[in-house]
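Working notes, beginning with the structure itself.
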Amino acid sequence: MGVVTDIRSRSRSAKLAAGVSCEKAGRSGKRNVSLFWRIFSLNAAGLVVATALLLGPVTVSTPVLAGEALVLLAGLATLLAGNAVVLRIGLTPLHRLGRAMSTADLLVPGTRPEVSGPAEAAQLIETYNTMLDRLQAERAAGAGRALQAQERERHRIARELHDEVGQTLTAVLLQLKRVADRVPGELREEVTLAQEATRAGLDEIRRIARRLRPGVLEELGLASALRSLAAEFTHHGLTVQHHIPGDLPPLAPEAELVLYRVAQEGLTNTARHAGADRARLTLRPLPPPEGGGVELLVRDNGTGLGAATEGAGIRGMRERALLIGAEIHFEPAPGGGTDVRLRVPAPPGDRSADRTGDSP
């Protein structure tokens, strides 16, 4: 059933594209002549002229005179130049299509090659654009299913860490406290060290569980979750400032989760790889002239991206942005460092959200 639906959708897309092309050609009044007829017409014109000259009074002497040789060479040069011009005009769109294909990335939505040139080239470019749109839609759908499965697995692991491992360590901590009250004095210091190690392990497990499952996002909203995230990443050697207003426009739960995960990944990269001592987390609503929605900015003063290849973290952020139709850009920050800029469009229609963030 899936294959049949795909074929039908492609057929509808092809018919729609063909209809649009015909409509555009009709409005412009230009007929898109195929490459075959262009070359055939030029060659046919040259052969007709040559035949007319042979049947006419024009003759070629033996040996060939200089004037006759010049006429023949001029005709040959004209025919070759005409063929070269026709082929150049006809193959330029294909060269442009080749460059677009070599730089295409499904995670980076970009401009499509212009549909132009002879009929064969225009049809090929149009088919490529349709195929790219379909592949991006399928990639977004597949990424959405994978990310949803990932979030479910994160929730399961966080719940097991909190309910099972956390409770076990809590019981161990209580047992160590009871033991510390009974052991001789020379062993009390060792038991105290075991208590501190167990307490540190319990705190680490709680931090991991919070990162896996942002409960504050579900309970208090996006603004509070981002403020808590900035405070969590503020540690020795790194200071994270934030500017997050409370009057955010309504956003879908999927968009809020993507904003949180992109901010989390951006700050994680800053803490691990950027070598920065300052970072800034900003979330602002976009005015209607810019399309509405919100813009998230994670800026650091580190070493920047440079010529490093994109890792799994950046690819994951691109996939999340593609999932909700957002735009994400990685740019050099003013004065050095890196800007991670995510623009989330406004939800279609007058959709109301359950929460819009708390007051600052």
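This chain uses plain numbering: 1 for the first residue, then up along the sequence.
- The shortest distance between side-chain heavy atoms of V340 and L296 does not fall below 4.5 Å.
- Closest of all the heavy-atom pairs between F233 and T268 is CZ-OG1, 3.3 Å.
- Distance CD/Q264 to CG/N269: 11.0 Å, rounded to 0.5 Å.
- The CG atom of L281 lies 6.5 Å from the CG atom of L229; values are rounded to the nearest 0.5 Å.
- By the 6.0 Å contact criterion, CD on E265 is enclosed, its count of non-hydrogen atoms from other residues, nucleotides or ligands being greater than 12.
- L267 and A279 make their closest contact through CD2-CB, 4.3 Å (heavy atoms, listed as atom of the first residue, atom of the second, distance).
- Considering all non-hydrogen atoms of both residues, A263 and L226 come closest at CB-CD2, 3.8 Å.
- With hydrogens and angles disregarded, a donor-acceptor distance shorter than 3.5 Å links the side chain of R227 to the backbone of I244.
- The side chain to side chain contact (heavy atoms under 4.5 Å, CB included) test applied to L97 returns M101, P113, L124, I125, Y128, not counting sequence neighbours.
- One N or O on the side chain of T127 and one on the backbone of Q123 form a donor-acceptor pair closer than 3.5 Å.
- Counting heavy atoms from C-beta on, the side chains of V294 and L286 never come closer than 4.5 Å.
- Atoms CD and CG, on Q175 and L169 in that order, are 13.5 Å from each other to the nearest 0.5 Å.
- Among residue pairs with one or both ends in residues 297-306, those qualifying as salt bridge (charged side-chain N to carboxylate O under 4.0 Å, His left out) are R299-D339; sequence neighbours excluded.
- Hydrophobic clustering (ILVMFWY, side-chain heavy atoms < 4.5 Å, transitive): L248 and L297 are in distinct clusters.
- For the pair P345 and A326, the tightest heavy-atom approach, listed with the atom from each and the gap, is CD-CA, 3.9 Å.
- Within the 4.5 Å cutoff, no side-chain heavy atoms of R341 are placed close to those of F330.
- Using a 4.5 Å cut-off between side-chain heavy atoms of Ile, Leu, Val, Met, Phe, Trp and Tyr, with links allowed through other members, V115 and M131 fall into the same hydrophobic cluster.
- Contact check for L259 versus L251: side-chain heavy atoms found under the 4.5 Å cut-off.
- Contact of the V258 side chain with the V344 side chain is not registered, since no non-hydrogen atoms from C-beta on lie closer than 4.5 Å.
- Under the side-chain hydrogen bond (donor to acceptor under 3.5 Å, both in side chains) criterion, E232 pairs with R211, not counting sequence neighbours.
- Listed by chain and number, the residues in a side chain to side chain contact (heavy atoms under 4.5 Å, CB included) with E153 are R156, I157 (sequence neighbours excluded).
- Contacts of E204 classified as side chain to side chain contact (heavy atoms under 4.5 Å, CB included), with partners at least two apart in sequence or in another chain: R207, I208.
- Judged as a side chain to side chain contact (heavy atoms under 4.5 Å, CB included), and not counting sequence neighbours, P332 has no contacts.
- Taking N301 as the reference, D277 meet the side-chain hydrogen bond (donor to acceptor under 3.5 Å, both in side chains) condition, with sequence neighbours excluded.
- Every residue two or more places apart in sequence or in another chain that forms a side-chain hydrogen bond (donor to acceptor under 3.5 Å, both in side chains) with R280 is listed here: Q241.
- The line from CZ of R343 to CD1 of I328 is 13.0 Å long, rounded to the nearest 0.5 Å.
- Considering every non-hydrogen atom in both P249 and P285, the closest pair reads CD-CB, 3.7 Å.
- Within the structure, no pair that satisfies the side-chain hydrogen bond (donor to acceptor under 3.5 Å, both in side chains) test touches residues 321-338, not counting sequence neighbours.
- Residues that satisfy the side-chain hydrogen bond (donor to acceptor under 3.5 Å, both in side chains) test with R199, not counting sequence neighbours, are E196.
- Residues V191 and L176 come closest through the heavy atom pair CG1-O, 3.6 Å.
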